[in-house]
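The structure under discussion appears below in the form of structure tokens.
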Amino acid sequence: MEKKLIIIDGNSIANRAFYALPLLTNNEGLYTNAVYGFTMMLMRILEEEKPTHVLVAFDAGKVTFRTEGYKDYKGTRQKTPGELSAQFPLMKELLDAFSIAHYELPGYEADDIIGTMSAQAEANGYSTLIVSGDKDMLQLVSDRTKVALTRKGISETELYSPQEIMDKYQLTPVQIIDLKGLMGDTSDNIPGIPGVGEKTALKLLHEFGTVEDVLAHASEVKGKKLQEKIAAHADDARMSKELATILREAPLAITLENTAYAAYVAEKVAPVFERFAFKSLLERLGMNEAEANESGAASGEEIAYVTITEANRDEWGAKLVSPMAVVVEVDGDNYHGAPVLGIGIAGEDVRLYVPFAEMNWPTLTDWLADSAQKKWVYDAKRSQVALAWQNITLEGICFDAMLASYVSNPSETNHQLSDIAARYQMGLPSDEAVYGKGAKRSIPDEDKLGLHIVRKADAVYRLHDRMEQAMKEESVCELFYDLELPLATVLGDMEKRGVQVERARLDEMGRVLLEKLSSLTVGIYELAGVEFNINSPKQLGEILFDKLQLPVYKKTKTGYSTSADVLEKLEHTHEIIPLILEFRQLGKLQSTYIEGLKKEIRPDTSKIHTSFNQAVTATGRLSSTEPNLQNIPIRLEEGRRIRQAFVPSEPGWYILSADYSQIELRILAHIARDENLIKAFQEGADIHTRTAADVFGVAQEDVTSLMRRQAKAVNFGIVYGISDYGLSQNLNITRKQAAEFIERYFAVFQGVKRYMETSVLEAKKAGYVTTLLSRRRYLPDINSRNFNLRSFAERTAMNTPIQGTAADIIKLAMVNMAKRMEEAQLASRMLLQVHDELIFEVPEHELDVMCRLVPEVMESALVLDVPLKVDVNYGPSWYEAK
DNA sequence: TGGATCACG
DNA sequence: ACGTACGTGATCCAC
């Protein structure tokens with residue numbers, strides 16, 4: 001049998017896992033997240049690869065032969081956090097239980113152990129797989145040795161053979177060393193040649209081959225500047241290459257034979273999993289055993305529960321107490337008017353399953369409607385709205401596992417109950433496992449369904465204390481209890497209420513669009529000389545750039561870019577371009593907004609019921625789906641008319657819209673404590689004009705519209721985490737000009753500059769940034785050695801406190817507004833939220849009071865060093881409420 | 001299922 | 001110099 005060796009870069013994988021997962025602890029308070037992630041990865045690799053030999057290599061301490069030669073090596077690297085370094089002994093303990101070899105060697109890095117071992121394996125005819133998160137490993141790749149690099153945390157890996165490296169870099173594996181020698185690596189403090197990045201380095205290597213060749217042919221290099229730099233830093237390059245070279249003959253005291261691996265023994269591993277509280281992994285061990293024994297016993301059937309029937313419900317009605325976990329199981333993703341499959345209820349030692357047929361049970365419905373009876377739920381809004389469609393009231397929700405998971409980590413994209421449970425080492429089958437997915441989706445028989453729903457309720461019940469504890473440690477309890485949870489109810493009411501849309505209006509617009517589109521199509525075919533699918537970027541690209549030979553400004557991975565900004569540059573090169581631009585614009589209106597919206601109108605009520613997603617964005621904003629009512633056109637008049645179809649649901653009422661003016665820049669002024677910006681807002685200045693005057697050094701009266709437009713773009717850029725390149729793209733100016741704008745901006749708004757710097761620094765130190773209401777976003781890549789990832793995290797560190805605080809503020813305003821409307825017994829209704837704007841429908845006699853109340857509540861939601869300003873407008877449709 | 005494109009703040 | 005603006009969702013095409 002062929003021998004197959006797996007070498008795992010222990011430090012690298014543990015690091016990835018540590019930053020990818022929340023700080024889990026076992027009951028002794030040991031941190032286990034890195035070990036957990038490492039173990040998941042390990043088990044997956046063992047299963048998939050079925051190796052005959054396994055070795056995990058670790059770094060040993062700080063001093064290596066590299067630091068001796070070059071004292072600044074890894075000098076910029078931040079210290080390993082204590083929470084992580086404490087986990088290395090645990091990992092080794094675990095590997096011992098698996099009977100997997102691990103090794104470290106004082107004076108050498110894990111890289112060198114891996115390099116040496118893989119060289120030996122190669123010489124002995126093994127095939128080897130190296131698992132790491134470190135791109136440097138690619139230099140070890142050969143026909144017999146492959147490298148799997150982790151992607152997106154640790155859940156995915158990307159496999160590299162010589163061919164993949166050639167495809168991606170047009171380099172041989174050995175040239176990876178030369179690549180690093182030329183470009184250096186800031187995270188390891190390897191200098192390289194200043195001014196040479198990946199692009200330039202690749203170009204040089206494609207031309208000359210190696211660092212030595214580049215240095216020898218320095219005089220042939222194109223570009224005078226570059227020549228000089230190469231000549232001046234030849235020694236740096238040589239040293240950098242040396243530092244980047246992984247040793248392949250380290251004096252290892254371990255041999256290939258020592259790494260032999262046979263299947264692990266579950267009984268030996270289980271106690272360690274037990275100690276670390278890896279419950280889901282324990283189950284996985286159990287499952288493997290079960291499979292081996294062919295016993296097929298499904299885990300988790302030990303959960304006992306009672307199915308409510310007419311016969312037993314009197315007995316069990318008395319067990320409905322406070323608090324209990326309630327899971328409302330809804331069929332399908334869209335819960336508006338959707339079937340409710342049943343309700344699961346779990347308490348300390350009561351577990352009930354109420355099938356749909358038994359839901360008409362007064363004891364239950366009274367209990368559900370009783371706000372004094374506390375309920376812990378998963379996805380409060382879904383539960384509330386789905387029941388509301390069945391005319392069942394759900395009140396008294398005081399915990400929501402989905403929202404708790406979200407406030408604990410808004411970057412996490414998956415807040416399914418089964419995944420939350422897994423994070424807390426509880427086993428819970430996923431909905432997908434129970435119902436299947438896609439075409440195979442079906443509702444299982446009553447027994448299985450009941451068990452699943454009850455297990456979910458039970459999981460929510462057991463999660464409550466632990467998730468609350470986690471929220472306390474993260475200082476997000478107030479955010480959860482005072483903001484997100486009450487907001488869920490407000491949003492649920494808005495969704496259930498819906499917004500009226502006039503189908504006839506959309507029909508009419510659709511007819512007009514259809515005519516215009518077909519005449520555009522004819523014109524485009526004529527000019528192209530051939531019929532093709534204008535909606536296909538591929539076909540369109542071929543027509544424009546191959547057939548018509550228009551200049552290519554930009555390419556995408558898959559071919560030519562045909563995006564609007566490219567087409568606009570080509571506007572005057574061919575008469576087909578304006579037609580295509582208009583076709584695109586109208587086509588979008590037709591498919592997304594006319595046809596798309598019509599599909600969502602309920603025929604019986606003429607209403608659209610969107611779903612606001614309260615747990616998707618990383619910043620704390622809401623999103624809206626099925627349909628998305630947060631991106632209804634407004635910028636162009638043709639699209640804006642779509643809003644004429646959005647009307648009040650009662651005759652004689654009005655649509656009222658109230659939006660925050662410049663809320664993000666006001667927040668920036670506040671958190672940056674920038675005197676200049678604060679003063680501008682306090683004086684009620686037009687902020688873009690003022691910025692233009694300050695940046696261009698002219699009087700406000702002398703600001704031209706171009707200057708104002710540019711200043712506006714700079715202001716946007718500032719909020720997004722400015723970069724000269726981004727600004728230059730946006731304004732269609734050179735990068736140098738963009739850089740100058742930014743420099744001048746920072747000279748004027750020094751507080752903003754200081755904020756940008758400190759925000760990034762604090763994120764690097766703490767690992768996260770926060771909003772004014774303590775919403776927290778973790779930035780695991782903020783110290784990454786990957787420039788892209790790190791830069792992205794840095795911009796996020798600047799932007800998230802601003803965008804997130806704006807989200808906090810409008811959410812607060814919504815909760816307050818709902819309360820004030822209720823107290824004042826107003827008939828007016830809140831319908832929609834569009835990030836900085838609230839939309840209401842208002843009876844004529846309440847227009848006065850609403851025009852006063854809405855701005856008052858919105859402006860006072862949170863008191864800042866600058867005033868918040870809200871503009872209000874109303875009209876017979878959303879179109880006129882501008 | 002993922003990429004390209006485009007609608008919004 | 002490295003490569004980009006921040007945050008979303010829907011539609012269409014092509015694999």
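Per chain, numbering begins at 1; letters A, B, ... match sequence-line order.
Regarding contacts with the backbone of C:dC13, a side-chain N or O of A:Asn533 is found under 4.0 angstrom from either OP1 or OP2. A sub-4.0 Å separation between OP1 or OP2 of B:dC6 and a side-chain N or O of A:Arg584 is present. A sub-4.0 Å separation between OP1 or OP2 of B:dT5 and a side-chain N or O of A:Ser561 is present. Residue A:Thr200 has a polar side-chain atom (N or O) positioned under 4.0 Å from OP1 or OP2 of C:dC2. Side-chain N/O atoms of A:Arg795 include none lying less than 4.0 angstrom from OP1 or OP2 on C:dA5. A sub-4.0 Å separation between OP1 or OP2 of C:dG9 and a side-chain N or O of A:Ser623 is present. Note on A:Thr562: a side-chain N or O is less than 4.0 Å away from OP1 or OP2 of B:dT5. For A:Gln539, a side-chain nitrogen or oxygen approaches OP1 or OP2 of C:dA14 to under 4.0 Å. Using a 4.0 Å cut-off, no side-chain N or O of A:Arg635 falls inside it from OP1 or OP2 of B:dA7.
Across all strands shown, B:dG9 forms a Watson-Crick or G-U wobble pair with C:dC6, both key distances being under 3.5 Å.
Without hydrogens or angle criteria, A:Thr610 side chain to A:Pro627 main chain gives a donor-acceptor distance under 3.5 Å.
Residue-to-nucleotide contacts include a donor-acceptor pair under 3.5 Å from the side chain of A:Gln803 to the base of C:dC6.
Heavy atoms of A:Leu589 sit nowhere under 4.0 angstrom from any nucleic acid atom.
Ring geometry for A:Phe646 against A:Trp878 counts as perpendicular: the plane angle is over 60°, on a 0 to 90° scale with 30° as the lower cut. Classified by interplanar angle (parallel below 30°, tilted 30° to 60°, perpendicular above 60°), the ring pair A:Tyr560/A:Phe545 is tilted.
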